[in-house]
Amino acid sequence: MERYHWIFCPICENKTRMKIREDTDKVMERITERNFEMMSGKYQKEQLEIEARLREVTETLNESYEKSQGIRDFLSLIRNYQGLKELDATVVNALIDKILVSEREKSADGTVKQEIKIYYKFIGFFGELHITPTKRRTALPAKHCTVCGVEYVSGSGVSKFCPKCREKVRKAQGIETKRRSRERKRQLY
């Protein structure tokens, strides 16, 4: 009965898929150089494939470990802020690594779309924020200009003048401020 032995990998010292007979010396005398080169090429190709796969698995394992460690660190950090009522700068700096805000994109219907990505410490980008955009100017009620009485949609809650009158009023206020300043200077001398 012929006995076979596994061929072991010289790098990782695991068994390959090939066996070799015990009487290899006798076989080597019978095997042709061409056949030996074919078998040797097959082994080398298999070895390269195994090494490449080993690198892939090692990289995946390292990435997985880093992610799980990051999640553990983030969870231990977030436990300190359990039951938080207000978000302040200290909390934001402790939990968030960076915030990326993209350019605003206006669509034909007047809505504005803007992408915001939040990168948390230890875990990175977690997911997209889904904020429904609103038309800011239509959210505020219409006002009447105190100068001309025209109805307009305000850009803020404190405006008193329509866009046409606003420039005239600001100019007049600037002139009045300069006049008062000159008057004060005259009184001092």
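These values consider heavy atoms only, across backbone and side chains, with no hydrogens, waters or symmetry-generated copies.
The backbone N or O of K106 sits nowhere less than 3.5 Å from a side-chain atom of K113 that would complete a donor-acceptor pair. Side chain of Q114 to main chain of S102: a donor-acceptor pair is present (N/O by atom type, distance under 3.5 Å, no hydrogens or angles).
By the criterion of side-chain heavy atoms lying less than 4.5 angstrom apart, applied directly or through intervening Ile, Leu, Val, Met, Phe, Trp or Tyr residues, Y43 is not grouped with L48; the two fall into different hydrophobic clusters. L95 and V101 fall within a single hydrophobic cluster, where Ile, Leu, Val, Met, Phe, Trp and Tyr side chains are chained together by heavy-atom contacts under 4.5 Å.
Tested against E183, the residues R186, R179, K185 include a single salt bridge (charged side-chain N to carboxylate O under 4.0 Å, His left out) partner, R179.
Between atom NZ of residue K168 and atom CZ of residue F161 there is a gap of 12.5 Å, rounded to the nearest 0.5 Å. Taking CZ of R166 as the reference point, atom SG of C145 lies at 9.5 Å (rounded to 0.5 Å). Note that NZ of K160 and NZ of K143 are 9.5 Å apart. Values are rounded to the nearest 0.5 Å. I99 CD1 to K117 NZ: the interatomic distance, rounded to the nearest 0.5 Å, is 14.0 Å. Atoms OG1 and CZ, on T60 and R55 in that order, are 12.5 Å from each other to the nearest 0.5 Å.
Side-chain contact, Q69 with R72: a donor N or O sits under 3.5 Å from an acceptor N or O.
By the 4.5 Å heavy-atom criterion applied to side chains, I116 and L100 are not counted as neighbours. In this structure, K42 and E46 have side chains that are not in contact, with every pair of non-hydrogen atoms separated by 4.5 Å or more.
Remark: T177 engages no residue in a side chain to side chain contact (heavy atoms under 4.5 Å, CB included) (not counting sequence neighbours). Under the salt bridge (Lys or Arg N to Asp or Glu O under 4.0 Å) criterion, E56 pairs with R53, not counting sequence neighbours. In this structure R184 satisfies the side chain to side chain contact (heavy atoms under 4.5 Å, CB included) test together with R180, sequence neighbours excluded. In this structure V150 satisfies the side chain to side chain contact (heavy atoms under 4.5 Å, CB included) test together with C148, sequence neighbours excluded.
Within the structure, salt bridge (charged side-chain N to carboxylate O under 4.0 Å, His left out) contacts touching residues 87-104 (residues at least two apart or in different chains) do not occur.
Its side chain outside the 4.5 Å cluster rule for every partner, L61 clusters with none of the Ile, Leu, Val, Met, Phe, Trp and Tyr residues.
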